[in-house]
**Q** 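Mind looking over this structure? Questions follow.
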Protein chains: 2
Amino acid sequence: MDSSQLLKGVLDVAVLAVVADQDGYGYDVVRRLRTAGLEDVGDASVYGTLRRLFQAGALTSYVVPSDEGPHRKYYGLNQSGRDLLDSSTKTWMSFAQTMNLLLRHDPEAAK
Amino acid sequence: MDSSQLLKGVLDVAVLAVVADQDGYGYDVVRRLRTAGLEDVGDASVYGTLRRLFQAGALTSYVVPSDEGPHRKYYGLNQSGRDLLDSSTKTWMSFAQTMNLLLRHDPEAAK
DNA sequence: GGCACTACTGCGTAAGACGCGGTAGTGTCC
DNA sequence: GGACACTACCGCGTCTTACGCAGTAGTGCC
């Protein structure tokens, strides 16, 4: 099954969570997400998400030159980003809980 | 936060689960989903999903006239739909688990 | 020079959820 | 009997977003 649709709206939270752990640059965030289990995530999606979150004011950004390749554009959370991560996490948890109740097909559990 | 993006790719499973419980018609499926906690789900999304799933061969369909309003177009699961529900449920569970690990910001848990 | 890996960007596409408006049938209330 | 509410469905247009793909560029290795 194509899990790419499951990502809709969730990649934001995932990226925020990864960056919250430690500042990261795009290429690295991609690797960390894949390692965490989101194996099929596309790199373009992550770069796009980072730019979107930055534009939305949730991330800080600074460029660090690298000796072993091109420069790296690091992203980090600011307060707005932390708030967003918190509220998004809560939204996700509650949503996931709802889905879990729905999917264990116990009609009573959904009441 | 706008939870509509979270639904992407998940509404299919939710609709399948609701219909698996008992055959249902569009308007009723909407109500059941909302009662189950998906309060913001749009009716157009559900009707669209039902038609999509039907066209994909996962649902059966039959019309029942009603004494108390317009006719009702019932949908039910066939074998293909049950298979789809099973595999989609597994995909969801595994995806949700991955997200949960990512979101409890315990760096060790993601390894 | 050619290749691999790192690192980022831009463009076009497709999927899907939703708002909105429209069409009907039934029932209620004044 | 007319206005309104509720039931029930459909179609259209829009927006968001994940992704494929191509391109650019730096480093290191053979």
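Lettering follows sequence order; numbering is per chain, from 1. These numbers come from the heavy atoms of this one structure, side chains and all, not from hydrogens, waters or symmetry mates. Just so we're clear, the structure is a prediction, and the values are computed from it rather than from any experiment.
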**Q** Looking at C/dC8, D/dA18, D/dT7, which one has an atom nearest to any side-chain atom of A/Ser45?
**A**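 The listed nucleotide nearest to A/Ser45's side chain is D/dA18.
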**Q** In this structure, how many angstroms lie between the P atom of C/dA7 and the CZ atom of A/Arg34, rounded?
**A** 13 Å
**Q** Would you please confirm or rule out a distance under 4.0 Å between OP1 or OP2 of D/dC10 and any side-chain N or O of B/Tyr47?
**A** no
**Q** Between P on C/dT6 and CG on A/Asp43, what's the gap in Å once rounded to a whole number?
**A**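 Rounding to the nearest Å, CG of A/Asp43 and P of C/dT6 are 12 Å apart.
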**Q** Can you tell me the distance, in whole Å, between the CG atom of A/Asp12 and the P atom of D/dT16?
**A**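 Taking atom P of D/dT16 as the reference, CG of A/Asp12 is at 13 Å.
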**Q** Need one value for B/Asp28: base, sugar-phosphate or nothing, where a base atom within 4.0 Å counts as base even if backbone is also close, heavy atoms only.
**A**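 Contact class for B/Asp28: none.
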**Q** Over how many whole Å does the gap from B/His71 atom NE2 to C/dG25 atom C1' extend?
**A** 10 Å
**Q** Please confirm whether the shortest side-chain N or O distance from A/Tyr25 to OP1 or OP2 of C/dA7 is below 4.0 Å.
**A** yes
**Q** So if I take residues 49-57 of chain B and measure heavy-atom distances to DNA chain C, which residues fall below 4.0 Å?
**A** B/Thr49, B/Arg52
**Q** What is the distance from CG of B/Leu11 to P of C/dC18, rounded to the nearest Å?
**A**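 That distance rounds to 7 Å.
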**Q** Quickly work out the A/Leu38 CG to D/dC19 P distance and round it to whole Å.
**A**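 Computing the A/Leu38:CG to D/dC19:P distance gives 9 Å.
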**Q** Mind checking the CZ-CG spacing from A/Arg82 to A/Leu85? Nearest 0.5 Å is all I need.
**A** 10.0 Å
**Q** When you match A/Ala44 and A/Ser66 each to their closest nucleotide on DNA chain D, which lands nearer the 5' end?
**A** A/Ala44
**Q** Please check if the side chain of B/Ser94 supplies one atom and the backbone of B/Lys90 the other of a donor-acceptor pair under 3.5 Å.
**A** no
**Q** Please tell me which of the listed nucleotides, C/dT6, C/dG25, D/dC19, lies nearest to the side chain of B/Pro70?
**A** C/dG25
**Q** Between B/Asp40 and B/Arg34, is the closest basic N to carboxylate O distance under 4.0 Å?
**A**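 Not counted as a salt bridge, because no side-chain N and carboxylate O are separated by less than 4.0 Å.
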**Q** For the pair made of OH in A/Tyr62 and P in C/dA7, what is the distance, rounded to whole Å?
**A**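 After rounding, the reported distance stands at 14 Å.
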**Q** Please tell me which of the listed nucleotides, D/dA8, C/dC8, D/dC10, lies nearest to the side chain of B/Tyr27?
**A** D/dA8
**Q** In whole Å, I'd like the distance from the CG atom of B/Asp67 to the C1' atom of D/dT7.
**A** 13 Å
**Q** Does the side chain of A/Leu53 reach to within under 4.5 Å of the side chain of A/Leu84, using non-hydrogen atoms?
**A**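 Answer yes - side chains close enough.
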**Q** A/Tyr74 vs A/Tyr62 aromatic rings, parallel, tilted or perpendicular, using cut-offs 30° and 60°?
**A** parallel
**Q** From the set C/dC20, D/dC19, C/dA7, return the single nucleotide nearest to any side-chain atom of A/Arg72.
**A** C/dA7
**Q** For the hydrophobic clusters of this structure (ILVMFWY residues joined by side-chain heavy atoms under 4.5 Å, transitively), does one cluster hold both A/Leu11 and A/Tyr27?
**A** no
**Q** Report the distance from atom CG of B/Leu50 to atom OH of B/Tyr25, rounding to the nearest 0.5 Å.
**A**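 The distance works out to 12.5 Å.
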